[in-house]
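Below: the structure, in structure tokens.
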Amino acid sequence: MGLAVVLLVSVPVLNYLFFSKVTNAGLSFTEPLQLPALLEPKLINGEKVFELTPIAGETFFRGEKTARTMGYNQGFMGPTIRVNRGDNFVANVTNTLDVDTTVHWHGMHVPPEMDGTPHQNIAPGETWVSRFPILNEASTMWYHPHPHGKTAEQVFRGLVGLFLIEDENSQGLGLPNTYGVDDIPLVIQERLFDDDGGLHYELNKGAYYGDTILVNGTHNPFVEVPAGLVRLRLLNGSNARAYHFGFEDDRTFHQIATDGGLLEAPVAIDRIRLSPGERVEVVVDFTDAASVLLKSFPENGLLETAESVLADLIGNGHFDILKIVPQPAIIPPTITALPAKLNDIKRWHPDEADKVRRLVLGGPVTAGPRMPGPGPRIPINGKLMDMARVDEIVCLNDIEIWEIVNRGGQPHPFHIHDVQFLILDRNGAPPAATEAGWKDTVMVEANETLRFITQFTTYSSTHVPYMYHCHILEHEDGGMMGQFLVVDMECDLDAPIVLPGMTHDH
Ligand SMILES: [Cu+2]
């Protein structure tokens, strides 16, 4: 009884003490925001050929010394790839690092052998060629490494880049679309630094959480924008933390896109939650020309349960992110109001599903080898990732409902390769308007069952799998990942399918 009273009194007090304080307070916002360069392709035989070279670098962020980093074609992060739907895309990836790596095209519908998973390893000195047509609609995708058990550290060192897709619809809407001027990519990451400026990798509660925000690799950033409607493309490129973005003056802004495409209509919001791997596009009105801080706020009410003691590390940081300084003279606005309609989204009825598949996150481990990566061993359906085991077999062109059951006390951002999906419900309730569009990564809350629907089209293989996994990178590297094949064959899913070099257990 006495303890209960103490807890009742102390939770709001703790909440105030810990979370009304800005974790990275005291910034002066004096560093110009770095803008990732647009990567110019070569046009060869009707293909757009991009050269990507993972290299080791030395990068100055803060303090006195440079930090040991990795980047694509540069010391930290990578250039932005921008293509149109229908382009024939080629990437020549030459690994100049002294460690294995891969390049995964996060969110994109590509053949499994072009996907850049641990099965497409690039050894030091090797070149990997990834070739596919751009089939996705206009969206903000990204690329990052996906080597077996080593993803977290390589992303932490800086291997991250944006992959922007345009199409006829997106270009006909009049949306702000001048890269780096009124259409600004913001890759949000957090880091721990040593006193002298080196990057520090250390796990806390099973994952990497930092106290210093980098935006496009810039510490202490500001950006000048036109005093009108400005589009921000936000990527949560952090290893583990979820953010809850908004502006210090609580202004309303409009979300126009989810991970994989434009929403049907703009959604007015004043906060947007983004878990690791997720993207949103928003349009903010700076017509009043007033400077404002983009922030990440503590999530309301998250401290109210025992589970949230863990969850606070995922969603409850309080950070200053970026100072935005509108300038009247930069460029005239393309539009002064958003179109009422942005996109058509074809929605499947749940009755159309050929199969319902159930994946349970958390619980006891029953199978899987010890992984090389750091982080806790959190299974999916009891199993840890095994490169030699196929976990799920999907029949080409099937419509499926995936039921993701989170048995653990902590949220997990679930990511699936190959497809974009539509959320059907969370614990039976339909999704909020902010996530009622195409998704490839979604936060599955503690003790929640989330259902999504999708269709597995175009690409199949009897031996090269795609991945699904938690996008907290230390969880992924610890084994919270599984493999699925999309097969173009007579699918009798009750009979075992024998695959060369792999096992499939039912
Ligand atoms: Cu996780």
Side-chain angles (χ1 to χ4, degrees), residues 21-38 59-64 66-67 69 71 74-77 79-80 140 158 160-162 176-191 193 197 199 210-238 241 243-254 270-272 274 279-297 317-333:
K21 187 169 161 283
V22 179
T23 308
N24 62 341
L27 296 181
S28 53
F29 308 103
T30 45
E31 291 301 314
L33 177 75
Q34 294 177 57
L35 180 73
L38 285 174
T59 305
F60 179 80
F61 296 101
R62 58 176 296 181
E64 287 126 42
T66 57
T69 55
Q74 60 194 42
F76 187 78
M77 284 186 58
T80 297
T140 301
V160 167
L162 286 162
N177 198 23
T178 304
Y179 182 78
V181 179
D182 64 2
D183 181 355
I184 299 177
L186 300 175
V187 180
I188 318 291
Q189 301 185 296
E190 56 179 40
R191 295 291 186 273
F193 284 91
L199 280 171
D211 57 7
T212 302
I213 300 289
L214 300 178
V215 186
N216 301 345
T218 319
H219 175 238
N220 206 10
F222 77 96
V223 65
E224 293 185 347
V225 301
L229 295 185
V230 174
R231 181 189 202 165
L232 304 176
R233 299 176 188 251
L234 292 152
L235 159 65
N236 182 348
S238 290
R241 189 185 299 278
Y243 299 97
H244 209 222
F245 294 116
F247 293 92
E248 75 180 322
D249 60 1
D250 291 326
R251 70 178 59 193
T252 297
F253 52 101
H254 287 86
D270 59 15
R271 294 282 189 276
I272 184 72
L274 219 54
R279 291 86 66 208
V280 287
E281 296 177 26
V282 300
V283 172
V284 190
D285 189 349
F286 296 107
T287 307
D288 67 1
S291 294
V292 69
L293 269 189
L294 175 68
K295 289 172 63 80
S296 179
F297 293 92
H318 189 178
F319 295 99
D320 291 339
I321 305 287
L322 172 71
K323 186 176 185 182
I324 300 178
V325 185
Q327 298 289 342
I330 295 180
I331 56 168

- [ ] Please determine which of Val284, Leu293, Leu33, Leu232 meets the side-chain contact (heavy atoms from CB on, under 4.5 Å) test together with Ile324.
- [x] Leu232
Task: Residue pair Pro328 / Ala227: nearest heavy atoms and the distance that separates them - done: CA-CB, 3.9 Å
Open item on the list: A side-chain contact here means heavy atoms from C-beta on lying under 4.5 Å apart; do Ile213 and Ile188 qualify?
Closed with: yes
TODO: Taking all heavy atoms of Phe29 and all of Pro221, pick out the closest pair and write down the distance.
DONE: CD2-O, 3.4 Å
Task: Val181 and Pro226, any side-chain heavy atoms less than 4.5 Å apart - done: yes
- [ ] Apply side chain to side chain contact (heavy atoms under 4.5 Å, CB included) to Met77 and Leu214, showing your working.
- [x] CA-CA 11 Å; Met77 284 186 58; Leu214 300 178; over 6 Å; no
Open item on the list: Phe245 vs Val282, test: side chain to side chain contact (heavy atoms under 4.5 Å, CB included). Steps then yes/no.
Closed with: CA-CA 11 Å; Phe245 294 116; Val282 300; over 6 Å; no
Task: Where Tyr243 and Ser238 come nearest, the two heavy atoms and their spacing - done: OH-OG, 2.7 Å
Task: Close side-chain approach of Phe222 to Ser28, heavy-atom, < 4.5 Å - done: no
Open item on the list: Are Val292 and Glu248 packed together at the side-chain level, in the sense that at least one heavy-atom pair is separated by less than 4.5 angstrom?
Closed with: yes
Open item on the list: Can you classify the ring geometry of Phe193 versus His219 as parallel (below 30°), tilted (30 to 60°) or perpendicular (above 60°)?
Closed with: tilted
TODO: Decide yes or no for Leu186 and Leu294: does some side-chain heavy atom of the first lie under 4.5 Å from some side-chain heavy atom of the second?
DONE: yes
Task: Nearest-0.5 Å distance that lies between atom OG1 in Thr218 and atom CZ in Arg62 - done: 14.0 Å
Open item on the list: Nearest 0.5 Å, please: how far is CG in Asp183 from CZ in Arg233?
Closed with: 4.0 Å
Task: No-hydrogen, no-angle side-chain donor-acceptor test under 3.5 Å, Thr140 and Arg279 - done: no
- [ ] Check the surroundings of atom NZ in Lys295: do more than 12 heavy atoms from other residues, nucleotides or ligands lie under 6.0 Å from it?
- [x] yes
Open item on the list: Could you tell me if the side chain of Leu229 sits less than 4.5 Å from the side chain of Asp182, heavy atoms only?
Closed with: no
TODO: Please answer whether the main-chain N or O of Leu35 pairs with a side-chain N or O of Asn216 as donor and acceptor at a distance below 3.5 Å.
DONE: no
- [ ] Would you give the length of the straight line joining atom CG of Asn220 to atom CG of Leu27, rounded to the nearest 0.5 angstrom?
- [x] 4.5 Å
Task: Min side-chain heavy-atom separation Val230-Pro176 under 4.5 Å - done: no
- [ ] For the residue pair Thr287 and Asp285, confirm or rule out a side-chain donor-acceptor distance under 3.5 Å.
- [x] yes
TODO: Would you sort out whether Leu38 and Thr80 count as a side chain to side chain contact (heavy atoms under 4.5 Å, CB included), showing the intermediate values?
DONE: CA-CA 5 Å; Leu38 285 174; Thr80 297; 3.9 Å; yes
TODO: Identify the heavy atoms of Ile184 and Gly180 that sit nearest to each other, and give their distance.
DONE: CG1-C, 4.0 Å
Open item on the list: Quick one: does any side-chain atom of Asn24 pair with a main-chain N or O of Phe319 as donor and acceptor, under 3.5 Å?
Closed with: no
TODO: Looking only at non-hydrogen atoms, find the nearest pair between Arg241 and Asn236 and report the distance.
DONE: O-ND2, 2.8 Å
Task: side chain to side chain contact (heavy atoms under 4.5 Å, CB included) evaluation trace for Phe286 with Arg251 - done: CA-CA 10 Å; Phe286 296 107; Arg251 70 178 59 193; 3.5 Å; yes
Task: Shortest non-hydrogen separation from Gly197 to Ala67 and the atoms involved - done: O-CB, 3.6 Å
Task: Minimum side-chain heavy-atom gap Glu224-Ile330 below 4.5 Å - done: yes
Open item on the list: For Arg271, give me all partners under side chain to side chain donor-acceptor pair (under 3.5 Å), at least two apart in sequence or on another chain.
Closed with: Asp250
